[in-house]
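This report concerns only the one structure given below.
Side chains included, hydrogens not; waters and symmetry mates left out as well; all remaining heavy atoms used. So that the names make sense, note that chain A is the first sequence line, chain B the second, and so on, each numbered from 1.
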2 protein chains.
Amino acid sequence: MPVPTNSDLAAAPAIEPLKVACASCNLRELCLPVGLNAGEIDRLDGLVSNRRSVTRGEHLFRNGERFEALYAVRTGFFKTCVGSEDGRDQVTGFQMAGELLGLDGISSDRHHCDAVALEDSSVCVIAYSQLEDLSREFTSLQHSFHKIMSREIVRDHGVMLLLGNMRAEERLAAFLLNLTQRLQARGFSPSALVLRMTREEIGSYLGLKLETVSRTFSKFQDDGLLEVKQRQLRILNQAGLQALVNNSRC
Amino acid sequence: MPVPTNSDLAAAPAIEPLKVACASCNLRELCLPVGLNAGEIDRLDGLVSNRRSVTRGEHLFRNGERFEALYAVRTGFFKTCVGSEDGRDQVTGFQMAGELLGLDGISSDRHHCDAVALEDSSVCVIAYSQLEDLSREFTSLQHSFHKIMSREIVRDHGVMLLLGNMRAEERLAAFLLNLTQRLQARGFSPSALVLRMTREEIGSYLGLKLETVSRTFSKFQDDGLLEVKQRQLRILNQAGLQALVNNSRC
DNA sequence: CGTGGTTTTGAAATGATTCAAGCGGAGTGG
DNA sequence: CCACTCCGCTTGAATCATTTCAAAACCACG
């Protein structure tokens, strides 16, 4: 099976230049429109009309900027990071197609993190005030939006568990399983993947130094769990990774 | 100045047995009703009529239980924790008066963590479906609720930064400053406090072992930052703690 | 006044980091 | 097309922070 790239998820621009309505979007089951009927999706489309391209390395938004919209990843891959007064920063997540960016901004009308594209990407711009208006009209949209926010909270708690309790190998194994699971939900191979982020970014997310990430990749390869060629990965023993995550030390 | 206990926040039950309406609650500026006008608060009261007492050590809800309501802490103190398949668990937060519990449950109609009272406590029960209904009616309630969820996400990202980047002393200093700041917002002394949780629970929250927490308390005391008598703390040098958090190593 | 849970403290062990060097691949310009 | 360079990655060895194990002290409680 050839390894698909994330951009395969997008319709080829030349062929289908502007057909980017929620109703025809193959992400609608993963994105905000889940559970909406056709008429509701049409209305949602009304406020998601605006799209934006973000090239690799570019910021979608920055900490401190005024918050006005949420962004749904259409194609590509992002990271979000928060920084402290002194120079430290922490990657708080990696977002792929169908996932929402900017939820942190609602709290104070300012973004509280940076969102950076890790590859050329495109997003749907969802004007937040209009989303609030529409979700007062449609129970299903309101509910779906609340679920998405709540899911982010649950995800964050999982990361806390990872950062607070797991050792390097367990963290990396959990990270890889999470990544492949999300890719699989988007129709990609569960075993072959291309990392869009550096070892340092993985390390920042997992609370490890890049050298530790690299060493752990090598160890997984030695143990026959993984085949690592730079950013090309192949999972050889998914159950083995899962066992690492489950058993603290056995 | 005498050290107030958290329960001073509640009206003495004998004197004011059932006057527990949002409109007359001294937590309304910290809780869900922020920004609501009198009429709206009255309506909110309609769905917050139900109260519940939770004694020390008792669970308010457990991971896996059906989610039906949010809980606003009226008096007392809670912890929330998530656990992995194997026995590890991670304290994800400590909640005091005015803070909301249960937001994680919205994502899948099941609670994803345990909430345990760390002292005898009482909560307002907020039927979630009714809250959704009412927040379709009142923009201000809708907005306030969204802000609360978003604030939780921002808080979680801050904890990730702490767990991913800081060393033991920085973590504990950040934790103490956060705690005193929240207590101060509730009218308590910014310098004297009584911990409601064990060293182990602090450690779980901060990704440290209880011995490390204890040692770090001792070190802070030796350094003149803190006076530690078991769970009684007095902050002697707040700026010193703040400096610890800001400067990674200088 | 004992009892159990919590906390403190010490000493040894461990896992991750730091520092340092070398490798490799992608992209650039001659 | 090749050599060069840069950036990301790998690997080793020494160091360091935190954990682990163990013992004792302390406090609240019945």
Side-chain angles (χ1 to χ4, degrees), chain A residues 5 55-57 79 87-88 90-91 116 118-120 162-176 194-223 226-233 244 247-250, chain B residues 5 55-57 79 87-88 90-91 116 118-120 162-173 175-176 194-223 226-233 244 247-249:
Chain A
T5 66
T55 60
R56 192 182 127 105
K79 69 168 176 181
R88 288 179 282 197
Q90 168 77 25
V91 172
V116 182
L118 297 183
E119 59 178 353
D120 292 352
L162 178 147
L163 291 172
N165 277 293
M166 296 185 175
R167 29 261 234 18
E169 293 184 23
E170 298 167 336
R171 292 184 199 188
L172 189 61
F175 169 71
L176 292 173
V194 180
L195 298 174
R196 296 283 125 93
M197 66 297 272
T198 66
R199 302 288 190 259
E200 186 169 19
E201 287 161 338
I202 296 173
S204 171
Y205 182 60
L206 298 178
L208 301 170
K209 296 295 162 192
L210 71 94
E211 294 95 329
T212 307
V213 174
S214 177
R215 272 185 249 276
T216 308
F217 269 130
S218 299
K219 175 159 194 311
F220 283 177
Q221 184 160 239
D222 293 348
D223 294 352
L226 226 58
E227 193 183 297
V228 185
K229 281 208 203 96
Q230 302 287 125
R231 301 201 181 176
Q232 316 264 340
L233 299 189
L244 259 178
N247 307 318
S248 55
R249 60 178 66 211
C250 300
Chain B
T5 65
T55 61
R56 191 182 128 106
K79 70 169 178 180
R88 288 180 283 197
Q90 168 78 22
V91 172
V116 182
L118 296 184
E119 60 179 351
D120 291 353
L162 179 147
L163 291 172
N165 276 294
M166 297 184 174
R167 29 255 236 29
E169 294 184 23
E170 299 167 335
R171 292 184 199 188
L172 189 61
F175 169 71
L176 292 173
V194 180
L195 299 174
R196 296 281 125 91
M197 68 295 274
T198 65
R199 303 288 190 260
E200 185 168 20
E201 286 161 339
I202 296 172
S204 171
Y205 182 60
L206 299 177
L208 301 170
K209 294 296 162 192
L210 70 96
E211 295 95 329
T212 307
V213 174
S214 176
R215 272 184 248 275
T216 308
F217 270 130
S218 299
K219 177 160 192 311
F220 283 176
Q221 183 158 240
D222 292 349
D223 294 352
L226 227 57
E227 194 183 296
V228 185
K229 281 209 204 95
Q230 299 289 125
R231 301 201 182 175
Q232 316 265 339
L233 298 189
L244 260 178
N247 308 318
S248 55
R249 62 178 67 211

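- To the nearest angstrom, P of C/dT6 lies 8 Å from CD of B/E201.
- Within the 4.0 angstrom heavy-atom criterion, only backbone atoms of the sugar-phosphate kind lie near A/T198; the bases stay farther away.
- A sub-4.0 Å separation between OP1 or OP2 of C/dT7 and a side-chain N or O of B/R231 is present.
- To the nearest 0.5 angstrom, A/R56 atom CZ is 8.0 Å from A/D120 atom CG.
- The backbone N or O of B/L118 sits nowhere less than 3.5 Å from a side-chain atom of B/R196 that would complete a donor-acceptor pair.
- With D/dT18, D/dT10, C/dT7 as the candidates, the nucleotide lying closest to the side chain of B/R199 is C/dT7.
- Side-chain contact between B/L172 and B/L244 is absent, with no heavy atoms from C-beta onward closer than 4.5 Å.
- Going from atom CG of B/L233 over to atom C1' of C/dT7 covers 13 Å, rounded to whole Å.
- Of all nucleotides listed (C/dT18, D/dT19, D/dA17), C/dT18 comes nearest to the side chain of A/K209.
- Counting non-hydrogen atoms under 4.0 angstrom, B/G203 reaches nothing in the nucleic acid.
- Between B/V116 and B/E201 the shortest side-chain heavy-atom distance does not fall below 4.5 Å.
- Rounded to whole Å, atom C1' of C/dT8 lies 16 Å from atom CZ of B/F220.
- The side chain of A/S218 places an N or O atom within less than 4.0 Å of a non-bridging phosphate oxygen (OP1 or OP2) of D/dT11.
- Atom CD of A/Q221 has more than 12 neighbouring heavy atoms from other residues, nucleotides or ligands inside a 6.0 Å radius.
- End-to-end axis angle for the helix from C/dC1-D/dG30 to C/dG30-D/dC1, using five pairs per end and rounding to 10°, comes out at 40°.
- Nearest approach of A/R88 to B/N165, heavy atoms of both residues: NH1-O, 3.3 Å.
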Listed pairs, N/O of protein and of nucleotides 21-29 of chain D, under 3.5 Å:
unit_1, atom_1, unit_2, atom_2, d
D/dC21, N4, B/E211, OE2, 3.3

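- Atom CG of B/L210 and atom P of D/dT20 are 10 Å apart (whole Å).
- Using a 4.0 Å heavy-atom cutoff across all strands shown, B/L208 reaches sugar-phosphate atoms only and no base atom.
- Atom CZ in B/F217 sits roughly 15 Å away from atom P in D/dT18 (whole-Å rounding).
- The CG-P distance, from B/L206 to D/dT19, rounds to 11 Å in whole Å.
- A straight line from CD of A/E169 to P of C/dT17 spans 13 Å, rounded to a whole angstrom.
- Shown here are the salt bridge (charged side-chain N to carboxylate O under 4.0 Å, His left out) partners of B/E227, two or more places apart in sequence or in another chain: B/K229.
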Test log, rule side-chain contact (heavy atoms from CB on, under 4.5 Å), inputs B/E170 and B/L162: CA-CA 8 Å; B/E170 299 167 335; B/L162 179 147; over 6 Å; no
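- The phosphate of D/dA17 has neither OP1 nor OP2 within less than 4.0 Å of any side-chain N or O from B/T212.
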Please output the side-chain donor-acceptor pairs of residues 209-220 of chain B that fall under 3.5 Å, not counting sequence neighbours, one pair per line with the distance.
unit_1, atom_1, unit_2, atom_2, d
B/T216, OG1, B/T212, O, 2.6
B/S218, OG, B/S214, O, 3.2
B/K219, NZ, B/D223, OD2, 2.7

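- In this structure, CG of B/L226 is placed 15 Å from C1' of C/dT8, rounded to the nearest angstrom.
- Residue B/Y205 comes nearest to B/L163 through the heavy atom pair O-CD2, 3.8 Å, listed as atom of the first residue, atom of the second, then distance.
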